[in-house]
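Right, one structure below, let's go through it.
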Amino acid sequence: MVLELEKSIDDENIERLVRIFYPEVIADKIIGSFFIEKLGNDIKSDKWEEHLVLLTQFWRFVALYDDEYKSNPLRPHFDIVGLNKEAFDRWVLLFYEAVDRVYDKNSGAFFKQKSADIAKNFIHRLEL
Ligand code: HEM
């Protein structure tokens, strides 16, 4: 990541991004059910807390090269029944909205680009 962005993206705002994004995801008509099926609908549950911590680590790995995230981001998506391209488009749109609530234009552009690239890669590898 370029030096300028390193100053504005940090552990605290990445955590804020993740914790703003997932309540919107659960409430969403198009993609909410995929998450509720696996993790339930209570964002305060242990299951969700585990997911939020994991996803915070994932984005710290992407943005800050933090090495706490050691898992495989694509793997669980193979088990989600009915996942399609429309769902991914919706995911990206909701993520962009969350990004806009946390970051200015510059840092936001970084997360938008990364999320869109990863989503595209997932769609390709999941053969959707
Ligand atoms: C409609 C699109 C998507 C749906 C419905 C979805 C759903 C899920 C669900 C339900 C899990 C939890 C699986 C489990 O614990 O058994 C999960 C994990 C995860 N998702 Fe997604 N996801 C989507 C798109 C994305 C995208 C675009 C990214 C990245 C930019 C992403 C990143 C991750 C990561 C990092 C994990 C944790 C993987 C691990 O380390 O176990 N997801 N996703």
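Counting starts at 1 for both ligands and their atoms, following the listed order. Quick caveat, the model's predicted, so the values are computed rather than measured.
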**Report entry** Atom indices of ligand 1 within 4.0 angstrom of W59 heavy atoms, with elements
**Finding:** 30 (C)
Requested in this report: Looking only at protein heavy atoms, identify the closest one to atom 37 (C) of ligand 1 and say how far it is in Å.
Outcome: L54 CD2, 3.6 Å
Report summary line: ligand 1 atoms nearer than 4.0 angstrom to some heavy atom of L83 are 1 (C), 5 (C)
**Report entry** atom 15 (O) of ligand 1: the protein heavy-atom neighbour that sits closest, reported with distance to 0.1 Å
**Finding:** L39 CD2, 4.1 Å
Report summary line: Looking only at protein heavy atoms, what sits closest to atom 8 (C) of ligand 1 is F35 CE2, 3.5 Å
**Report entry** Per-atom contacts, ligand 1 versus F58 - under 4.0 Å to a heavy atom
**Finding:** 29 (C), 35 (C)
Report task. Determine yes or no for a side-chain-to-main-chain donor-acceptor pair under 3.5 angstrom, with N13 supplying the side chain and D10 the backbone. Result -> yes
Report task. With sequence neighbours left out, write down each residue that passes side chain to side chain contact (heavy atoms under 4.5 Å, CB included) with D46, or none if nothing qualifies. Result -> none
**Report entry** Atoms of ligand 1 close to I118 [distance to a heavy atom under 4.0 angstrom, numbered from 1]
**Finding:** 29 (C), 30 (C)
**Report entry** Considering all heavy atoms, the nearest I20-V102 contact
**Finding:** CD1-CG2, 3.7 Å
Query - For F88, all residues meeting ring-ring contact (aromatic ring centres under 6.0 Å, His included), sequence neighbours excluded - result: none
Report task. Considering only non-hydrogen protein atoms, determine which one is nearest to atom 11 (C) of ligand 1 and report residue, atom name and distance to 0.1 Å. Result -> H51 CE1, 3.8 Å
Query - Non-hydrogen atoms of A119 and V92 that approach each other most closely - result: CB-CG2, 3.6 Å
Requested in this report: Compute the minimum heavy-atom distance from Y69 to ligand 1 and say whether it is under 4.0 Å.
Outcome: yes
Query raised in the report: Short list, please: which atoms of ligand 1 are under 4.0 Å from a heavy atom of K38?
Result: 10 (C), 16 (O)
Query raised in the report: So, K47 and D42, do they make that salt bridge, N to O below 4.0 Å?
Result: no
Requested in this report: For A87, take its heavy atoms, then give the atoms of ligand 1 lying under 4.0 Å from any of them.
Outcome: 1 (C)
Query raised in the report: Short N/O distance, under 3.5 Å, between S71 and ligand 1?
Result: yes
Query raised in the report: Which atoms form the tightest heavy-atom contact between I9 and A63, and what is the distance?
Result: CG2-CB, 4.1 Å
Query raised in the report: Quick one: does L126's side chain get under 4.5 Å of L74's, heavy atoms only?
Result: yes
**Report entry** Sequence-distant partners of F95, ring-ring contact (aromatic ring centres under 6.0 Å, His included), two or more places apart
**Finding:** F21, W59, W91
Report task. State the atoms of ligand 1, each with its element, that fall below the 4.0 Å cut-off from a heavy-atom position in F34. Result -> 5 (C), 10 (C)
Requested in this report: Might you point out which heavy atoms bring R19 and L52 nearest each other, and give the distance in Å?
Outcome: NH1-CD1, 3.7 Å
Query raised in the report: At their closest point, which heavy atom of E68 faces which heavy atom of Q57, and how far apart are they?
Result: OE2-NE2, 3.4 Å
Report summary line: Note on atom 21 (Fe) of ligand 1: protein N/O/S atoms within less than 2.8 Å are H77 NE2
**Report entry** Point-to-point distance, once rounded to the nearest 0.5 Å, from CD of E37 to CD1 of I80
**Finding:** 9.5 Å
